[in-house]
Peer 1: 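What follows is a structure written as structure tokens; I'll ask about it next.
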Protein chains: 2
Amino acid sequence: MTSPTVRGTPVDARPLRADAERNRRRIVDAAREVFARHGLEAGLNEIARHAGVGVGTVYRRFPDKDSLVAAALDEEVARMLAVADAAQRSDDAWSGLVLLLEEGLVLLSSNVGLRDLLLSQRTDPLDDGPEHLFLPYVESLVDRARVEGTVRPDVTVQDVGMLWCMVSELARHSVDLAPDAWRRYLALFTAGLRAGAVPDVPPPLDEEVAQEVLTRWIGLGGTRAPGAS
Amino acid sequence: MTSPTVRGTPVDARPLRADAERNRRRIVDAAREVFARHGLEAGLNEIARHAGVGVGTVYRRFPDKDSLVAAALDEEVARMLAVADAAQRSDDAWSGLVLLLEEGLVLLSSNVGLRDLLLSQRTDPLDDGPEHLFLPYVESLVDRARVEGTVRPDVTVQDVGMLWCMVSELARHSVDLAPDAWRRYLALFTAGLRAGAVPDVPPPLDEEVAQEVLTRWIGLGGTRAPGAS
DNA sequence: GATAACTGGATAGCCCGTATCCGCTCGCCG
DNA sequence: CGGCGAGCGGATACGGGCTATCCAGTTATC
């Protein structure tokens, strides 16, 4: 509340000096990239380095880390809300639910930082916690799907939440290696949720890639020699 | 390799003084409890406090943290291997697979430390990394089940690994709140793996409990007022 | 009762994060 | 074109949490 902002961009002061504005952009871009790849636990030093500026410059523009996070992820959050909204407006609830899960995971899985923001223990990440906004969407979709009879009658909102957490946890470990890996597991999962027949399930990952993801995740060395370093 | 040990218990020196032996036991017990509840990232100070001794005493008995981890979790690892072995010996591979997944998760989900040891990036946790031992078991079970025609023909070993990671990740967040929560999600998942019909799926969790687990996991406040603190 | 094993917990040392500070640079406006 | 203040980098303060050490005091044991 110190200075009025619109989506993280100050509106009160007169425009920044040209170079400052350029740097500000660089910083936000760098933050987007770094947060996306390494999640929110990335340090501001790394971001500064990645942006080619000093940490001081970062703190000059953004009072604290949270502000930078907000500025960097803001857009993605909006995109996420748009997805929820689109899913909501879907004619049949099952497709809506699948759309929400899939498109949501497209976003979450390509951006670890977004995942951290929405699905991690964080107190009040943006001003009033955007993650609170999703619950009602999911709730109404699940209810409608139950009425339609397209999901098992016992499916709950929390089921969807848990599923989202679990699958995105996987996605987190395979972002850069097999960005679509989660699709298979999501499908296997939704197969279990669906009332009637079993939907299509994407084919297994390439064995080596899958092994590599697991290796990274659980440090369980694959068949290939440990070798270097 | 400094001093010969059997399962973490020294065998070379003459028996410890009575009080020392008593303390050693207390320490291992405390470590078991604390690791089980909070995972391996628990500090030795906490364990010492929990055991009613000083940190010094811990380090007198165990050269470093890893040794303590080994001594504390050793038994659980053996139990895990026993499960894998039993599953292996099952007549039909599907039951074996389900047994392995379920009983394995019984162990993993009741002991965060064990989960950390087996399913986390850790280099060489016990002497030669016990987690490497499981792969062959799973591999052979999956192969046999494929031949039996009880799993989808495209199911892979890595599928099972991923599933284990994902579900145990959930378990990690619900240990003390809904220790059996994972069963439902495991079932939903295996339903997707199974070739033919959909197996029984445990009923949803109590709504409030499920919400609480999610809240703890993703910090997403439930419907109930935030209230205190 | 002598002795050495044992004890507790203060503390050293490390790593890694956020955030601050200050002497210097350089874009902008008169 | 020149001077001034916004802007700059990055060394550094500060804090928290961890593993591991050390040593003066205690106590089981023979």
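A, B, ... follow the sequence lines: proteins, then strands. Residue 1 opens every chain. Excluded from the calculations below are hydrogen atoms, water molecules and symmetry mates; all remaining heavy atoms, backbone and side chain alike, are included. No experiment lies behind these values; they were computed from the predicted model shown.
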Peer 1: Ala31(A): what forms a side-chain contact (heavy atoms from CB on, under 4.5 Å) with it, not counting sequence neighbours?
Peer 2: Phe35(A), Ile47(A), Leu68(A), Ala72(A)

Peer 1: From the 5' end of DNA chain C to its 3' end, which nucleotides mark the outer limits of contact with chain A, defined by a 4.0 Å heavy-atom distance cut-off (strictly under)?
Peer 2: dT18(C) to dC28(C)

Peer 1: Report yes if some heavy atom in the side chain of Arg37(A) is under 4.5 Å from a heavy atom in the side chain of Val175(A); otherwise report no.
Peer 2: no

Peer 1: Please identify each residue that fulfils side-chain contact (heavy atoms from CB on, under 4.5 Å) with Arg25(A), with sequence neighbours left out.
Peer 2: Glu21(A)

Peer 1: Check residues 162-170 of chain A and write down every donor-acceptor pair under 3.5 Å in which the side-chain atom is one partner and the other belongs to a residue at least two apart or another chain.
Peer 2:
unit_1    : atom_1 : unit_2    : atom_2 : d
Ser168(A) : OG     : Arg115(A) : NH1    : 3.1
Ser168(A) : OG     : Trp164(A) : O      : 3.1
Ser168(A) : OG     : Cys165(A) : O      : 3.2
Glu169(A) : OE1    : Arg115(A) : NH1    : 3.2
Glu169(A) : OE1    : Arg115(A) : NH2    : 3.4

Peer 1: How does protein contact run along nucleotides 20-30 of chain D, one letter per nucleotide 5' to 3', with B for base contact, S for sugar-phosphate only, - for none, heavy atoms under 4.0 Å?
Peer 2: BBB----BSS-

Peer 1: Identify, with sequence neighbours excluded, every residue that meets salt bridge (charged side-chain N to carboxylate O under 4.0 Å, His left out) alongside Arg60(B).
Peer 2: none

Peer 1: For Arg22(B), give me all partners under side-chain hydrogen bond (donor to acceptor under 3.5 Å, both in side chains), at least two apart in sequence or on another chain.
Peer 2: none

Peer 1: Show me the donor-acceptor pairs within less than 3.5 Å that the side chains of residues 105-112 of chain A make with the rest of the protein, sequence neighbours left out.
Peer 2:
unit_1    : atom_1 : unit_2    : atom_2 : d
Ser109(A) : OG     : Leu105(A) : O      : 2.7
Ser109(A) : OG     : Val106(A) : O      : 3.4
Ser109(A) : OG     : Trp182(A) : NE1    : 2.9
Ser110(A) : OG     : Val106(A) : O      : 3.0
Ser110(A) : OG     : Leu107(A) : O      : 3.2
Asn111(A) : OD1    : Gly113(A) : N      : 3.0
Asn111(A) : OD1    : Leu114(A) : N      : 3.0

Peer 1: Specify the residues of residues 27-38 of chain B, ordered by number, for which at least one heavy atom lies under 4.0 angstrom from an atom of DNA chain D.
Peer 2: none

Peer 1: Using salt bridge (charged side-chain N to carboxylate O under 4.0 Å, His left out) as the criterion, list what pairs up with Glu76(A), not counting sequence neighbours.
Peer 2: Arg79(A)

Peer 1: Closest nucleotide of DNA chain C for Gly52(B) versus for Gly43(A): which of these residues is on the 5' side?
Peer 2: Gly52(B)

Peer 1: I'd like to check the salt bridge (charged side-chain N to carboxylate O under 4.0 Å, His left out) partners of Asp85(A); sequence neighbours left out, ordered by chain and number.
Peer 2: Arg89(A)

Peer 1: Measure the distance from CZ on Arg24(A) to C1' on dC8(D) and round it to the nearest whole Å.
Peer 2: 17 Å

Peer 1: Taking only residues two or more places apart in sequence, or in another chain, which ones meet Glu46(B) in a salt bridge (charged side-chain N to carboxylate O under 4.0 Å, His left out)?
Peer 2: none

Peer 1: Mind calculating the distance between CD (Glu46(B)) and P (dC18(D)) to the nearest angstrom?
Peer 2: 8 Å

